[in-house]
Each structure stands twice: as C-alpha cells, then as structure tokens.
Amino acid sequence: MAAIKSIEELEKIREQAKDLINLRKDNETKTRVVVGMGTCGIAAGARQTMLAILDELKKRNLDNVIVTETGCIGLCKFEPLVDVIKPNQPKVTYVNVNEDKARQIVVKHIINNQIIDDWVIPNI
Amino acid sequence: MIMMKELSLHVLDIVENSINAGATLVEINIDEDTKKDVMIIEIIDNGRGMDETTLQKVKDPFFTTRTTRKVGLGLPLFEQAAKSCGGELEIYSKVGEGTRIKASFVRSHIDRPPLGNMSDTMVLLVAANPGKDFIYRHRIDGGEFVLDTREIKKTLQDVPISNPMVLDWIKAFVEENLKQISGGV
C-alpha cells in the first residue's frame, strides 16, 4: 500500500510549484469566475460546478483566472449561477450551470471569448 | 422539498455562514462512534458571533441576515437532517468571539444522509477562500486525522494554497486518511 500523503510530500510540491508561479500579481488582467455558493447554490450542485471549473482550468494550465464564490443573490431557481468577468468587459451570468456546462464555459467563453448566449440571463 | 444529499454539503453550507460572519479560522470536527452509534458534526468559528435575540431566531427559516431573499434555510435544513435521524442541533454563540454549531445523528439511522465527499468540500473551501484557515479533524472510534491549512501554508511558504497541485494533494490527503480510519477498505 502506498504511504499516506504526508506534509513532507508538500515540500516536493512546493519545489515544483514555485518555479511555475505566475509572478504577476495584478488582478486587473485576470478573468474572474464567481460561483453562487449560498444554501440554494449548494443544494443545486454548486460544489461540483466549481470543482469542474477548477479542474478544467488545471487541465488547460490557465493561471490567469481567479475562481471565487458568492452568497445567494436572490435568483435561487437559476442556481448554480456562474458569473464570468473578463477584464474590461461586462459581467456575464450563466444559469443552471452543471458540471458539463461549466467545462464548456471555460473552453468557449474563458478561452475562446465566445459567450454562450443560450445559457445567459440579461445583465442584472 | 429541498434537501442536501450529503452531510458534507451541509458542512460546506454552514462553513459559508462562518465565512460570511468574518471568521478567519473555522474548525470542522466530525466524530463517529460506532459503539455508541452516534455521529457528531461540529463547526466552530471565530466570526463575529450572534447576540441572544439573533440566536433565538436563527433556526427559523423566515429569519435571515441577507437582504436578497426572505428565507434562510441553511441552519433549519441542517437541524431537520439531525432531528429526522434521532439527533439534534445546538448553537452556541457569543458576540465578538464566534459561533459553535453542533449536530448529532444516530449513526446507523436509516434516514441519515451519507457523509459524502468531504475531500471535495475541503478543496472547495480552500480554493475559494485561500486567505482563511480551516482545521478539519475526523475521528472514527480510535482512528483520527487532522487537516490544518495553517500547517500547510507554513510548509508552502510563497506558494499559494490554491495552487492546483496543492489542491490535488489536499484531496488525496483527505481521501486516503478517511479510508485509513474507516478501516482501510
């Protein structure tokens, strides 16, 4: 059986990661993704939605995206809600975002700059 | 009816309350005792806490501090989950000190939701709140493990805890340790 993950292993990860860190700390050039994580969002599956976004970003090696969460914004029946805010562009809010939609949003919108109109609600 | 399919989702939901209350450190304690047939989930934060009046209203679904909608379902849902499994929900809070939520369950109760994916809950909390600290302690009978983000940050130094490689490590750490203390299956 493989040894249980240990803190020592983290040392190795640190060594690997520190060379790859994007040293640019200016958040203005980064895309922000905000996932609704209120009770309504969580009950609708927002945890898996956000993990899918993180996974897709990791697979594609994108480190200029900040993923955060927010509480309930009063549109509970549309949860999970995901906002994509690109630098100098208006916020785009996607509704009922499951894992599959989440991955497509990363590819089409975040990478290729194509808003998926069918899943968007008008700017609120 | 709205319900959380996993206890780990309730944990996520309650910890979100802590974060919104300005907590910088949140402790999650899960204690399972197969002989006594109990499972206890405790969430302790150092957020701003609640006064007596708020504390009395907080289990009422029609009370919320939020302004975007009129109901607050997180705690009532968690309480209902505990009560329908022969347990209860207790809340202790003090203004300026923090809040402690303790939910108990009859572990073998047929209606008890599964714990679900605690590794996902922890990864999400860390990824979305890299500036906050979390201590997750899980005990099953004699076995115990602890995930402490303060320790992880100390080891990582300048590498952010939200780094994907670190998140993968956290996920594997929780999964492997949980497997180990639940009998190595």
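Remember, it's a predicted structure, so these values are computed and weren't measured experimentally. Residue numbering restarts at 1 for every chain, and letters A, B, ... go by the order of the sequence lines.
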Check whether Met165(B) and Leu10(A) end up in the same hydrophobic cluster, where Ile, Leu, Val, Met, Phe, Trp and Tyr are linked by side-chain heavy atoms less than 4.5 Å apart. yes
OG1/Thr70(A) to CD/Glu16(B) distance, rounded to the nearest 0.5 angstrom? 9.5 Å
Tell me if the NZ atom of Lys5(B) is crowded by more than 12 foreign heavy atoms within 6.0 Å. no
Do Val120(A) and Ile105(A) sit in the same hydrophobic cluster, where Ile, Leu, Val, Met, Phe, Trp and Tyr count as joined when their side-chain heavy atoms come under 4.5 Å apart? yes
Nearest atoms (heavy-atom pairs only) where Ala127(B) meets Leu54(A): CB-CD1, 3.6 Å
Quick one about Thr121(B) and Arg47(A) (side-chain donor to acceptor, distance below 3.5 Å, no hydrogens or angles considered), yes or no? yes
side-chain hydrogen bond (donor to acceptor under 3.5 Å, both in side chains) evaluation trace for Glu69(A) with Asn129(B): CA-CA 8 Å; Glu69(A) 58 182 20; Asn129(B) 309 280; 3.3 Å; yes
Using a 4.5 angstrom heavy-atom cutoff, name the option from Ile19(B), Asn117(B), Val123(B), Leu167(B) with the most pairs to chain A. Asn117(B)
Under 4.5 Å between side-chain heavy atoms, hopping through other hydrophobics if needed: is there a path connecting Ile101(B) to Ile135(B)? no
Nearest heavy-atom neighbours spanning Asp13(B) and Ile42(A): CA-CD1, 3.4 Å
To the closest 0.5 Å, what do you measure between NE2 (His10(B)) and OG1 (Thr39(A))? 10.0 Å
Report which part of Glu15(A) has an atom under 4.5 Å of a heavy atom belonging to chain B: side chain, backbone, both, or neither. neither
Closest non-hydrogen atom pair, Ala17(A) against Asn163(B): CB-ND2, 3.6 Å
Shorter than 4.5 Å, heavy atoms on both sides: which option in Glu175(B), Glu6(B), Glu151(B) has the most such pairs with chain A? Glu6(B)
Can you tell me how far apart CG (Leu156(B)) and CD (Glu11(A)) are? Round to the nearest 0.5 Å. 8.5 Å
For the residue pair Arg14(A) and Thr155(B), what are the closest heavy atoms and their distance? CD-O, 2.9 Å
Please say yes or no: joined through hydrophobic side-chain contacts below 4.5 Å, possibly via intermediate residues, are Ile152(B) and Phe145(B) part of one cluster? yes
Would Val126(B) and Val166(B) show up in the same hydrophobic cluster when neighbours are defined by side-chain heavy atoms closer than 4.5 Å? yes
Nearest heavy-atom contact between Ala128(B) and Met50(A) is CB-CE, 3.4 Å
Would you mind checking which part of Asp120(B) comes under 4.5 Å of any heavy atom in chain A, side chain (CB onward), backbone (N, CA, C, O), both or neither? both
